Trainee: 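Dropping the structure in here first, questions after.
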Amino acid sequence: MIGGNLAGMLAVEEDGVIVSIDADFINEGRFVRIIYTVENTNSASRRINLGARADSQVGNDASREVMAVRLESNRGVAIREPIGNMQFNFFGRNAPGITTPIDNLWIGSFFSDEWLHNTMIFTNNTVQNYQGTGAQGASFAFSWTDRTIGAGETAIFSVIIGMGEVAEIPVVTRINNTVESFESTDVVVRALVSDNNQNPEVSIFYSLNGGAEQQLPGRITDLDTAKEFEIDLSSCNLPSGNHTIQIWALNRQGNPSEFIEIPFVISNLRRPTIVMSEEWTRGEVSFRITDEHNDPQDVLRYEVRLGDGNWETIGLNTDRVALNTTGTMLVSARAIGVIEGEVSGIVSRNARVDLDVPEIEFAIDGLTLEIIATDEHSGVSKIEYGWLGVSDSLPSTWIEYTGPIGSLLMPGEGRYLHVRVVDNVGNETLIVQGFRIGRKLTSEVYDIDDEYVRKITPNTTVANFLENVDLVSQYELRKHDGGPVVVDLTLYNKNDEAITGVALVGTGMILSVDGKDYILVVMGDFDGDGRITPTDLSILRRHMAGLETLTSVYRKAGELTTNGQITLTDLLRVRRHLSEIEFIGG
């Protein structure tokens, strides 16, 4: 494997500057997080240069060739061994929560400590890669330069170094920019995290009021979109007043996010109460604010917010309209204390109004009719239906719909289906749909769509053809004229003459089924006589030569393969059929 040594040094102008280094393994041991703490114990400020360098080699062989390449993202360096295609990545990134970015990152060869003083390495940032043996120092270095630390002050610097893929950093964002108020026993801070890497997985870290770093238990996965998470601080016994929490994320590649700060307030005030029904209603929703917990002398005013609107002052027990149109509205309230900056936690409830009628659709599968009723607000309460022979009257008896309706009609008979749907607040939809039982043409031998019957072999008689087709009854969404429907299954030639018995089925003939016409396609038959003859071969040749164009159904007769086009392969198949080498259709 590719290995190396990491050497760190501190250069200062005068004594009295103390540096301590803390390191730990993260991301399953593939990354090292290094934190430098620099304390100036002097009575005057001091200027420092702080950094580290790394030499690399393959195993214990310092003579093996190693290449150092700046990563395209410019976030780090890849140390590669070209022959074995091994790679070790160095990410010069800050650890979470640290706001002192690296000043310089360099790759190449060095043989002295001049790199600490910004005289050699950090003047070569234009170098993109370097190749040489480990003994020659195919290496990298990073530093913070010319940093001033005030008298008695402490500064923190950090990097993450490790082995793994180059990855994007996760992103943590606030849900809103308002300063939330909480009661000390109910403090829950929420934020969003996202990560665009493959198989994203992040750990959440936080620091409360500048205290020690803490990790949220578990990891967050399934980050195709930004996901909300929460940090429960209710057990921290936070005192009343202003507080700040810093939050950041670390993904599985070892890359930390930038940290965010979320300020919040712990108040001695208790939440007021919103008196309002959260059930769906057909009309408007009103509410009022009550307060049974706070001393009136401690409360300056009460405020209410509708949805994402602004906070407005409201009096106790004052009725207000929350919503009078279809939808859901979040109603929030809080108490403002007489002490400046003191705000209670927020209480919220949902106002729900449904003024829309349900929607109705039908799904047909043969002789099964399904009524699909939906209501995106309060939901569907009941579905009823009834059959009548007319459309302008209501059924005397409604039938409760409990599932798909089977065949209640004789073939060809038309009826009107009356459907009534009521939602949970009383909105009602009533529709009338005409239905009839029609016939659908099917076959296990031929391909049938809404227009054509295909894959009919040459020399098929009318009798043989009719033996291989079936009529299946099905519901049809169409109005019936009231008279009897004749279920017809008749073949007509191009002259509109009915044909029967031993007559051959030819391309272009019409099959009439229950008033619907299907066009027949016989494979290789281009003149409509139901056979493949030298005439058909001649027609196909002229088409291939561009002398004559086959159109419509006759073109489909020449599509003998499954590619939907007439090709040389189709021509050869017709020739082999005429030569009795291989018959089309078997």
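Keep in mind it's a predicted model, so treat the numbers as computed, not measured.
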Trainee: Side chains of S381 and N424: closer than 4.5 Å at any heavy-atom pair?
Mentor: yes
Trainee: Holding to ring pair (Phe, Tyr, Trp, His ring centres under 6.0 Å), I want the full list of residues that pass it with H377, two or more places apart in sequence or in another chain.
Mentor: W280
Trainee: Can you give me the closest heavy-atom contact between I247 and I231, atom names plus distance?
Mentor: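 Nearest heavy atoms, I247 then I231: CD1-CD1, 3.8 Å.
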Trainee: According to ring pair (Phe, Tyr, Trp, His ring centres under 6.0 Å), who are the partners of H577, at least two apart in sequence or on a separate chain?
Mentor: F583
Trainee: How many angstroms lie between CH2 in W398 and CZ in R420, if you round to the nearest 0.5 Å?
Mentor: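 So the CH2 of W398 and the CZ of R420 are separated by 5.0 Å.
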Trainee: Could you pull out all residues at least two apart from S538 that satisfy side chain to side chain contact (heavy atoms under 4.5 Å, CB included)?
Mentor: R542
Trainee: Are V353 and E284 close enough that some pair of their side-chain heavy atoms sits under 4.5 Å apart?
Mentor: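 V353 vs E284: side chains apart.
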Trainee: Heavy atoms, side chains only, cut-off 4.5 Å: are I456 and V521 in contact?
Mentor: no
Trainee: Answer yes or no: is there a donor N or O on one side and an acceptor on the other, between the side chain of Y401 and the main chain of I371, under 3.5 Å?
Mentor: yes
Trainee: Is there a side-chain contact between I519 and I510 in this structure, where contact means two heavy atoms from C-beta onward sitting under 4.5 Å apart?
Mentor: yes
Trainee: Mind listing the closest non-hydrogen atom pair of L441 and L511 along with its distance?
Mentor: CD2-CD2, 3.5 Å
Trainee: What are the two closest non-hydrogen atoms of L355 and G283, and how far apart are they?
Mentor: CD2-N, 3.6 Å
Trainee: Under a 3.5 Å distance rule, please check whether R573 uses its side chain to pair with a backbone N or O of L560 as donor and acceptor.
Mentor: yes
Trainee: Is there a donor-acceptor pair under 3.5 Å between the side chain of N427 and the backbone N or O of D354?
Mentor: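 Present.
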Trainee: Just checking D308: does its CG atom have more than 12 heavy atoms from other residues, nucleotides or ligands closer to it than 6.0 angstrom?
Mentor: no
Trainee: Measure from the side-chain N and O atoms of K227 to the backbone N and O of T221, and report whether any donor-acceptor pair falls under 3.5 Å.
Mentor: yes
Trainee: If only atom types and distance count, is the side chain of D536 paired as donor or acceptor with the main-chain N or O of D527 below 3.5 Å?
Mentor: yes
Trainee: Within a 6.0 Å radius of atom CD on E279, are there more than 12 heavy atoms belonging to other residues, nucleotides or ligands?
Mentor: no
Trainee: If the condition is ring pair (Phe, Tyr, Trp, His ring centres under 6.0 Å), which residues does F465 pass it with, not counting sequence neighbours?
Mentor: Y446
Trainee: Of all residues at least two apart in sequence or in a different chain, which pass the salt bridge (charged side-chain N to carboxylate O under 4.0 Å, His left out) check with E278?
Mentor: R349
Trainee: Considering residues, nucleotides and ligands other than E228, do more than 12 of their heavy atoms fall under 6.0 Å from its CD?
Mentor: yes
Trainee: Answer yes or no: are there more than 12 heavy-atom neighbours, outside N176 itself, under 6.0 Å from its atom CG?
Mentor: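 Enclosed: over 12 neighbouring heavy atoms sit under 6.0 Å from CG of N176.
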Trainee: Quick check: do D356 and D375 have side-chain heavy atoms less than 4.5 Å from each other?
Mentor: no
Trainee: Can you find a heavy atom in the side chain of S443 that is under 4.5 Å from one in the side chain of V469?
Mentor: yes
Trainee: Drop me the distance from K382's NZ to E428's CD, to the nearest 0.5 angstrom.
Mentor: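 Here the rounded value is 8.0 Å.
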Trainee: Donor-acceptor check, side chain of R415 to backbone of W387, threshold 3.5 angstrom: yes or no?
Mentor: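 Flag not set: sc R415 to bb W387 has no pair under 3.5 Å.
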Trainee: When rounded to the nearest 0.5 angstrom, what is the spacing between CG in L323 and CZ in R352?
Mentor: 11.0 Å
Trainee: Residues two or more places apart in sequence or in another chain: which of them pass side chain to side chain contact (heavy atoms under 4.5 Å, CB included) with E467?
Mentor: N464
Trainee: Apply side-chain contact (heavy atoms from CB on, under 4.5 Å) to residues M544 and I566 and explain how you reach the verdict.
Mentor: CA-CA 8 Å; M544 297 290 292; I566 297 178; 3.7 Å; yes
Trainee: Where do S552 and Y452 come nearest, in terms of heavy atoms and distance?
Mentor: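 Shortest heavy-atom contact: OG-OH, 4.1 Å.
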Trainee: How long is the gap from CG on L250 to CZ on R219, to the nearest 0.5 Å?
Mentor: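 With rounding to 0.5 Å, CG (L250) is 8.5 Å from CZ (R219).
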Trainee: Taking the side chain as every heavy atom from C-beta outward, state whether V285 and V331 have any pair of such atoms under 4.5 Å apart.
Mentor: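 V285 does not reach V331 side chain to side chain.
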Trainee: Under the side-chain contact (heavy atoms from CB on, under 4.5 Å) criterion, do E359 and T429 qualify, and how do the steps go?
Mentor: CA-CA 7 Å; E359 296 182 355; T429 299; over 6 Å; no
Trainee: May I ask you to test the D423-V380 pair for a side-chain heavy-atom distance under 4.5 Å?
Mentor: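 A side-chain contact is absent here, since even the closest heavy-atom pair is not under 4.5 Å.
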Trainee: What closest approach, in Å, do L306 and M329 show between heavy atoms, and which atom pair accounts for it?
Mentor: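 Closest approach of L306 to M329: C-SD, 3.7 Å.
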Trainee: Hey, is CZ on R174 packed in by over 12 heavy atoms from elsewhere, all under 6.0 Å?
Mentor: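 Atom CZ in R174 is crowded, with more than 12 foreign heavy atoms closer than 6.0 Å.
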Trainee: Would you give the length of the straight line joining atom OG of S396 to atom CG of L388, rounded to the nearest 0.5 angstrom?
Mentor: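 Here the rounded value is 7.5 Å.
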Trainee: Please report the closest heavy-atom contact between M523 and P458, naming both atoms and the distance.
Mentor: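 That closest heavy-atom pairing would be O-CG, 3.4 Å.
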Trainee: For the pair F205 and W248, name the ring-plane relationship: parallel under 30°, tilted 30 to 60°, perpendicular over 60°.
Mentor: parallel
Trainee: Could you point out which residue of D449, D447, D525 forms a salt bridge (charged side-chain N to carboxylate O under 4.0 Å, His left out) with R454?
Mentor: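 In the set D449, D447, D525, the residue that makes a salt bridge (charged side-chain N to carboxylate O under 4.0 Å, His left out) with R454 is D449.
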Trainee: Applying side-chain contact (heavy atoms from CB on, under 4.5 Å) to D570 and E559, what does each step give before you reach the verdict?
Mentor: CA-CA 7 Å; D570 300 314; E559 297 170 357; 5.5 Å; no
Trainee: Measuring from atom CG of N459 to atom CG of L504, what distance do you get when rounded to the nearest 0.5 angstrom?
Mentor: 6.0 Å
Trainee: Please assess T457 against V522 for the test side-chain contact (heavy atoms from CB on, under 4.5 Å), listing each intermediate value before the final yes or no.
Mentor: CA-CA 6 Å; T457 58; V522 178; over 6 Å; no
